[in-house]
Amino acid sequence: EVQLQASGGGLVQAGGSLRLSCAASGFSFDDYGVGWFRQVPGKEREGVSYISSSYGSTYADSVKGRFTISSDSAKKMVYLQMHSLKPEDTAVYYCAAARDRYYSGSYYVEGIFEYDYWGQGTLVTVSS
């Protein structure tokens with residue numbers, strides 16, 4: 001059974017940093033890519049970042065240069081290090097997994113491809 005659990009959210013001031021963690025189980029990082037997306041209630045889901053063994057990492061333009069995605073296949077963990085946070089980064093952040101089809105991660109960040117699995121989110125609130 002595939003499971004994903006995001007954690008690490010919280011309240012931070014603008015300009016601050018947070019690291020989100022995603023605990024994954026039930027699949028191999030060799031076969032699946034993992035990404036982060038975020039959602040504000042009442043707004044559309046926004047892709048943030050994606051990482052796979054076949055393609056590396058991809059970022060949305062809105063977070064490029066501020067966020068870094070990484071994975072630890074031995075621990076089955078994926079991380080999203082967020083720096084220079086802005087109030088507009090406030091959202092519930094979800095991690096999700098998709099079977100690696102050897103396509104660019106942009107397809108997932110831009111919402112062209114759907115993820116196969118996703119877990120509960122973690123709330124990030126950035127105060128101004």
Distance in Å, Lys76 NZ paired with Cys22 SG, rounded so as to fall on 0.5 Å steps: 11.0 Å
Is there a side-chain contact between Tyr115 and Val34 (heavy atoms, below 4.5 Å)? no
Can you check whether Asp116 reaches Phe27 side chain to side chain, under 4.5 Å on heavy atoms? no
Going by an N to O cut-off under 4.0 Å, is there a salt bridge joining Asp89 and Lys86? no
Are Met77 and Leu4 connected into the same hydrophobic cluster when the rule is that any two of I, L, V, M, F, W, Y join if their side-chain heavy atoms are below 4.5 Å apart? no
Go through Arg38 and Leu20 one step at a time and tell me if the side-chain contact (heavy atoms from CB on, under 4.5 Å) criterion holds. CA-CA 12 Å; Arg38 62 190 182 187; Leu20 305 184; over 6 Å; no
Considering non-hydrogen atoms only, spot the tightest contact between Ala60 and Gly47 and give its length. CB-O, 3.4 Å
If hydrophobic clusters are built from ILVMFWY residues whose side chains come within less than 4.5 Å, do Trp118 and Leu123 share one? yes
How are the rings of Phe113 and Tyr108 set relative to one another: parallel (under 30°), tilted (30 to 60°) or perpendicular (over 60°)? perpendicular
Is there a donor-acceptor contact under 3.5 Å linking the side chains of Glu88 and Ser62? no
Can you check side-chain contact (heavy atoms from CB on, under 4.5 Å) on Arg45 and Tyr94, steps first, answer last? CA-CA 10 Å; Arg45 190 179 78 185; Tyr94 300 84; over 6 Å; no
Ile51 and Leu18: same hydrophobic cluster, using ILVMFWY side-chain contacts below 4.5 Å? yes
Kindly indicate whether the side chain of Tyr59, heavy atoms from C-beta on, has any atom under 4.5 Å from the side chain of Ile69. yes
To the nearest 0.5 Å, tell me how far Gln81 CD sits from Arg66 CZ. 12.5 Å
Would the number of heavy atoms belonging to other residues, nucleotides or ligands and lying under 6.0 Å from CD of Gln120 be above 12? no
Between Val92 and Gly121, which heavy-atom pair has the shortest distance, and what is it? CG1-CA, 3.8 Å
Could you give me the CA-CA distance, side-chain angles and deciding distance for Val124 and Met82, then say whether side-chain contact (heavy atoms from CB on, under 4.5 Å) is met? CA-CA 10 Å; Val124 172; Met82 307 184 294; 3.9 Å; yes
Would you check if Thr90 and Val126 make a side-chain contact, meaning some heavy-atom pair closer than 4.5 Å? yes
Looking at Lys43, I'd like to know if its NZ atom is crowded, meaning that more than 12 non-hydrogen atoms belonging to other residues, nucleotides or ligands lie closer than 6.0 Å. no
Cluster question for you: counting only ILVMFWY and a side-chain heavy-atom cut-off of under 4.5 Å, with indirect links fine, are Phe37 and Val40 together? no
Could you tell me which non-hydrogen atom of Gly8 sits nearest to which non-hydrogen atom of Thr122, and how far apart they are? N-OG1, 3.8 Å
Separation between OG of Ser54 and CG of Asp30, rounded to the nearest 0.5 Å: 10.0 Å
Step-by-step side-chain contact (heavy atoms from CB on, under 4.5 Å) determination, Gln3 to Glu1: CA-CA 6 Å; Gln3 290 188 330; Glu1 181 187 4; 3.8 Å; yes
Rounded at 0.5 Å granularity, tell me how far CZ in Arg101 sits from OG in Ser52. 11.5 Å
Which pair of non-hydrogen atoms, one from Gln39 and one from Ala91, has the smallest distance, and what is that distance? O-CB, 3.6 Å
In the structure I gave you, are the side-chain heavy atoms of Leu80 and Ser49 within less than 4.5 Å of one another anywhere? yes
So if you build clusters from Ile, Leu, Val, Met, Phe, Trp, Tyr with side-chain heavy-atom gaps below 4.5 Å, do Tyr50 and Val63 land together? no
Going from CH2 on Trp36 to CZ on Phe67, what distance comes out if it is rounded to the nearest 0.5 angstrom? 11.0 Å
Flag if over 12 foreign heavy atoms under 6.0 Å of OH, Tyr107: no
